[in-house]
Amino acid sequence: MKMAQRMKSRSGHRWQSVAAWGLLLAVGVLAGCASPVNRAPVEDRNSSVRPVAPAPLPTAVDTTAKPLPGAENAGKPGYYTVKPGDTLIRVGLENGQNWKDLVRWNSLDNPNIIEVGQVLRVVAPGSDATAAGTRPVLQAKVETRPLDAAKPGASAPLAPGATPAPVAPVAPVTAAAAAPAVAGARDADDDMPWMWPAAGPVATPFNDSTSKGLAISGKAGDPVVAAADGRVIYAGAGLRGYGNLVILKHNNTYLTAYAHNQTLLVKEDQAVRRGQKIAEMGSSDADRVQLHFEIRKQGKPVDPARLLPPR
């Protein structure tokens, strides 16, 4: 009996050992499958090349520039293309016009804002811009008479048998000789009764490329008078380089400008008479007391000394 129990106990231990060894063997097999030694090798063919991000797609840009006002009229007679540094007052002065007319003709919302390259109308709508500065040439009137008509101063009929006196040859009449007065005719706008705007001496003569007028010396407060009848089209300090400025329009041909004043005595749209005091001499925007005086014929500076009376 005891022998049978010992044999049974040994058999149980043997089976336990076999089970333990089986369990260890299974664990070993699983561990071997998971071991790095048995992992399939992987070759990294791009290990030395970094990934490159794709280039961004070009953004569409609107290259169509907005056309400036009046660009379709660039280069046409009667129009002006705005340059750097221009103001509406300067454009008016350069073209012999009132800046307020330019505002109206061009329907400008803000007269203080004009763009470089903008094209402005500088002649009145409906006027012939190509005729600016030109005057019609009048044809000489030729009087015709019948050949047998008696002429004033004709000699009496000859008596029978009398010998006629020799007749001097008559020179042909040319168009220039027929109307000598017409060839030198002047427009009424050119016949301005000018006077000197200040009493002082001329310090700087006219120069078309620099001064564009006369610099007349004097003392601060000396009177500045209108050189001819006209109307004030500008009175202020809005034109750089001119200081306190008065601009008069005399007719369709002439403007005058009076610059560097210390005091202005007139206002825009005021009518003034020749010799009327319009300002007091000063040095505004200048390095000394002086009157800068310009005469502009259809916007172009002319030498005032050629038009003013001799002193």
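By convention here, the first residue in the shown sequence is residue 1. Predicted, not measured: the structure shown is a model, and the values here were computed from it.
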- Item | Expected output: side-chain Asn106 to main-chain Leu102 donor-acceptor under 3.5 Å | yes
- Could you pull out the closest heavy-atom pair between Ala279 and Leu264, with the gap in Å? CB-CD2, 4.2 Å
- Query: For residues Tyr80 and Asp86, is any side-chain donor paired with an opposing acceptor at under 3.5 Å?
  - Reply: yes
- Item | Linked, directly or transitively: Trp99 and Val123 (ILVMFWY side chains, under 4.5 Å) | no
- Item | Residue that, paired with Ile247, satisfies side-chain contact (heavy atoms from CB on, under 4.5 Å) out of Thr256, Val232, Ile233 | Ile233
- Query: With clusters built from Ile, Leu, Val, Met, Phe, Trp and Tyr whose side-chain heavy atoms come within less than 4.5 Å, directly or transitively, what are the remaining members of the cluster of Val116, listed by chain and number?
  - Reply: none
- Query: From Gln298 CD over to Glu94 CD, what is the distance, rounded to the nearest 0.5 angstrom?
  - Reply: 14.0 Å
- Message: Within this structure, what is the CG-OG1 distance for the pair Asn73 and Thr81, rounded to the nearest 0.5 Å?
- Response: 9.5 Å
- Task: For Ala199, enumerate each residue passing the side-chain contact (heavy atoms from CB on, under 4.5 Å) test, keeping only those at least two apart in sequence or located in another chain.
- Result: none
- Note on the structure: Smallest heavy-atom separation, Gln262 atom then Asn244 atom, equals O-ND2, 3.8 Å
- Query: Roughly how far, to the nearest 0.5 Å, is CG of Leu93 from OH of Tyr234?
  - Reply: 11.0 Å
- Message: Any side-chain to backbone donor/acceptor pair from Gln270 onto Lys267? Under 3.5 Å, distance only.
- Response: yes
- Query: Got a sec, which residues hit side-chain hydrogen bond (donor to acceptor under 3.5 Å, both in side chains) with Asp208, two or more places apart in sequence or on another chain?
  - Reply: none
- Message: Given 3.5 Å as the limit, does a donor-acceptor pair link the side chain of Asn261 with the main chain of Thr263, or not?
- Response: no
- Grouping ILVMFWY residues whenever side-chain heavy atoms fall under 4.5 Å, the cluster of Leu265 otherwise contains none
- Under 4.5 Å between side-chain heavy atoms, hopping through other hydrophobics if needed: is there a path connecting Leu245 to Val272? no
- Closest non-hydrogen contact found for Asp109 with Pro111 is O-CD, 4.0 Å
- Item | Any pair counted as ring pair (Phe, Tyr, Trp, His ring centres under 6.0 Å), so long as it reaches residues 264-311, sequence neighbours left out | Tyr242-His292, Tyr258-Phe293
- Task: Using modelled atom types only, decide if a donor and an acceptor are shared between the side chain of Arg296 and the backbone of Asn95 within a distance under 3.5 Å.
- Result: no
- Task: Considering non-hydrogen atoms only, spot the tightest contact between Pro309 and Met195 and give its length.
- Result: CD-CA, 4.0 Å
- Using the side chain to side chain donor-acceptor pair (under 3.5 Å) rule, take His260 and Ser283 through it: C-alpha gap first, then chi angles, then the decisive distance, then the call. CA-CA 5 Å; His260 305 312; Ser283 58; over 6 Å; no
- Message: In the structure I gave you, are the side-chain heavy atoms of Val289 and Met281 within less than 4.5 Å of one another anywhere?
- Response: yes
- Message: Does any part of the side chain of Leu108, heavy atoms only, come nearer than 4.5 Å to the side chain of Leu88, both counted from C-beta?
- Response: yes
- Note on the structure: The ring pair (Phe, Tyr, Trp, His ring centres under 6.0 Å) partners of Trp105 (sequence neighbours excluded) come to none
- Message: Could you work out, with side-chain contact (heavy atoms from CB on, under 4.5 Å) as the rule, every residue matching Glu115, not counting sequence neighbours?
- Response: Leu68, Pro69, Gln118
- Task: List for me each residue that meets side-chain hydrogen bond (donor to acceptor under 3.5 Å, both in side chains) alongside Arg121, sequence neighbours excluded, and say none if there are none.
- Result: Tyr79
- Query: Which pairs, with at least one residue in residues 297-311 and sequence neighbours excluded, count as a salt bridge (Lys or Arg N to Asp or Glu O under 4.0 Å)?
  - Reply: Asp190-Lys297
- Message: Please say yes or no: joined through hydrophobic side-chain contacts below 4.5 Å, possibly via intermediate residues, are Val246 and Met192 part of one cluster?
- Response: yes
- Message: Taking Ile89 as the starting point, is it possible to reach Val82 by hopping between hydrophobic residues whose side chains are less than 4.5 Å apart?
- Response: yes
- Message: I need the Leu291 CG to Trp196 CH2 distance, nearest 0.5 Å.
- Response: 10.5 Å
- Side-chain heavy atoms of Ile295 within contact of Tyr254, under 4.5 Å: yes
- Could you tell me whether the side chain of Val225 reaches within less than 4.5 Å of the side chain of Ile278, counting heavy atoms only? no
- ring pair (Phe, Tyr, Trp, His ring centres under 6.0 Å): which pairs involve residues 269-289, sequence neighbours left out? none
- Message: Going by salt bridge (Lys or Arg N to Asp or Glu O under 4.0 Å), name the pairs with one or both residues in residues 223-234, residues two or more places apart or in two chains.
- Response: Asp229-Arg273
- Please check if the side chain of Asn98 supplies one atom and the backbone of Lys100 the other of a donor-acceptor pair under 3.5 Å. yes
- Item | Check: Pro201 and Ile216 side chains under 4.5 Å, non-hydrogen atoms | no
- Task: Locate the shortest heavy-atom distance separating Gln290 from Ala215; write the atom from each residue and the value.
- Result: OE1-CB, 3.2 Å
- Query: Looking at Gly96 and Leu255, what are the two nearest heavy atoms and their distance?
  - Reply: CA-CD1, 3.4 Å
- Query: Does anything in residues 211-221 pair up under side chain to side chain donor-acceptor pair (under 3.5 Å), and if so which pairs, sequence neighbours excluded?
  - Reply: none
- Side-chain contact, heavy-atom cut-off 4.5 Å: Phe206 with Pro301? yes
